[in-house]
Amino acid sequence: MTATAERLLAGPLRRCRLRDADQNSIKVLTLPTILTLGRVAAVPLFISTFYMDSWWITTAMTSIFIAAAITDWLDGYLARKMRLGSAFGAFLDPVADKCHNNGYHFGLLL
């Protein structure tokens with residue numbers, strides 16, 4: 001390719017790359033992010049379930065914990081496989097993990 005042809009193509013190619021980068025930064029509420037928000041919302045549910053007195057509480061707490069573990073794996077898998085990663089999701093996933101760990105330890109402590 002000649003230098004003139006490269007210069008002619010450089011503009012449209014650069015605009016395509018910029019447009020793709022803009023579209024990636026716009027994605028905030030993707031499916032993996034929604035799953036992560038669900039994990040954050042499950043922490044108060046888990047803690048409140050811990051203090052209930054009924055025969056089904058152990059099953060409910062175990063189910064909440066297993067669902068959180070599965071969605072933790074699933075949101076990372078979907079974000080990589082479907083290329084749905086976002087800056088907000090990358091920030092929120094470790095925050096959700098810390099909320100879960102702290103919430104479970106808080107529930108067990110009291």
Side-chain angles (χ1 to χ4, degrees):
M1 201 180 257
T2 66
T4 305
E6 286 178 12
R7 270 186 271 139
L8 289 174
L9 289 175
L13 289 176
R14 187 177 53 163
R15 282 194 296 274
C16 287
R17 277 186 252 136
L18 289 175
R19 185 175 53 231
D20 291 342
D22 290 341
Q23 288 175 354
N24 286 338
S25 65
I26 291 173
K27 295 186 286 186
V28 174
L29 280 181
T30 61
L31 181 59
T33 306
I34 292 170
L35 290 173
T36 303
L37 287 171
R39 281 191 303 145
V40 172
V43 172
L45 179 67
F46 182 84
I47 292 174
S48 64
T49 306
F50 191 82
Y51 293 107
M52 294 180 183
D53 189 25
S54 183
W55 59 271
W56 53 270
I57 294 302
T58 306
T59 305
M61 289 175 57
T62 304
S63 300
I64 293 169
F65 183 80
I66 289 172
I70 290 171
T71 56
D72 186 20
W73 171 80
L74 186 62
D75 70 2
Y77 178 78
L78 291 175
R80 286 186 299 272
K81 202 66 160 168
M82 298 172 65
R83 295 184 180 154
L84 292 174
S86 66
F88 181 63
F91 164 76
L92 189 62
D93 191 52
V95 170
D97 291 339
K98 287 175 181 61
C99 286
H100 266 266
N101 285 332
N102 290 336
Y104 297 147
H105 287 110
F106 178 75
L108 292 173
L109 181 67
L110 298 177

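The basis for the numbers below is simple: all heavy atoms, side chains too, and nothing from hydrogens, waters or symmetry mates. Not measured: the values here are computed from a predicted model.
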Inset, instruction - Give me the other members of the hydrophobic cluster that W73 sits in, counting Ile, Leu, Val, Met, Phe, Trp and Tyr linked by side-chain heavy atoms under 4.5 Å, directly or via other members. - result: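 Its cluster mates, by chain and number, are L31, L35, L74, Y77, L78, M82, L84.
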Inset, instruction - Give the cluster check for M61 versus I66: same hydrophobic cluster or not, with ILVMFWY residues linked at side-chain heavy-atom distances below 4.5 Å. - result: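 Not linked; separate clusters.
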Inset, instruction - Answer with yes or no whether the hydrophobic clustering places I70 together with I64; edges join I, L, V, M, F, W, Y residues whose side-chain heavy atoms lie under 4.5 Å apart. - result: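 Hydrophobic grouping puts I70 apart from I64.
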Inset, instruction - Can you see which heavy atom on A79 is nearest to which on P32, and at what distance? - result: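 What the structure gives for the nearest pair is N-CG, 3.7 Å.
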Inset, instruction - Return the minimal non-hydrogen interatomic distance between G89 and S86, and the atom names on each side. - result: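 That closest heavy-atom pairing would be N-OG, 3.0 Å.
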Of all residues at least two apart in sequence or in a different chain, which pass the side chain to side chain donor-acceptor pair (under 3.5 Å) check with [X]?
{"X": "N102", "result": "none"}
{"X": "W56", "result": "S54"}
{"X": "T30", "result": "T33"}

Inset, instruction - Would you please name every residue forming a ring pair (Phe, Tyr, Trp, His ring centres under 6.0 Å) with F65, sequence neighbours left out? - result: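 Testing F65 for ring pair (Phe, Tyr, Trp, His ring centres under 6.0 Å), a comparison that skips the adjacent residues, returns Y104.
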Legend entry - Counterpart residues, side-chain contact (heavy atoms from CB on, under 4.5 Å), relative to N101 (two or more places apart):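 Here the qualifying residues are H105.
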Legend entry - By side-chain contact (heavy atoms from CB on, under 4.5 Å) - contacts of T59 (at least two apart):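 So T59 forms a side-chain contact (heavy atoms from CB on, under 4.5 Å) with S63.
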Tell me which donor-acceptor pairs under 3.5 Å the side chains of residues 40-50 have, and how far apart each pair is, sequence neighbours excluded?
from	atom 1	to	atom 2	distance (Å)
S48	OG	P44	O	3.1
S48	OG	L45	O	3.0
T49	OG1	L45	O	2.5

Legend entry - Within residues 88-97 or reaching into it, pairs that qualify as side-chain hydrogen bond (donor to acceptor under 3.5 Å, both in side chains) - sequence neighbours excluded: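 Found R39-D93, R39-D97.
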Inset, instruction - Quick one: which residue pairs count as a salt bridge (charged side-chain N to carboxylate O under 4.0 Å, His left out) with a foot in residues 44-53, not counting sequence neighbours? - result: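 Sorted result for residues 44-53: empty, none.
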Legend entry - Value rounded to 0.5 Å, distance of CG in D75 from CG in L37: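 Here the rounded value is 10.0 Å.
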Inset, instruction - Determine whether T36 and V95 make a side-chain contact, defined as any pair of heavy atoms from C-beta on separated by less than 4.5 Å. - result: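 Counting from C-beta outward, T36 and V95 never come under 4.5 Å.
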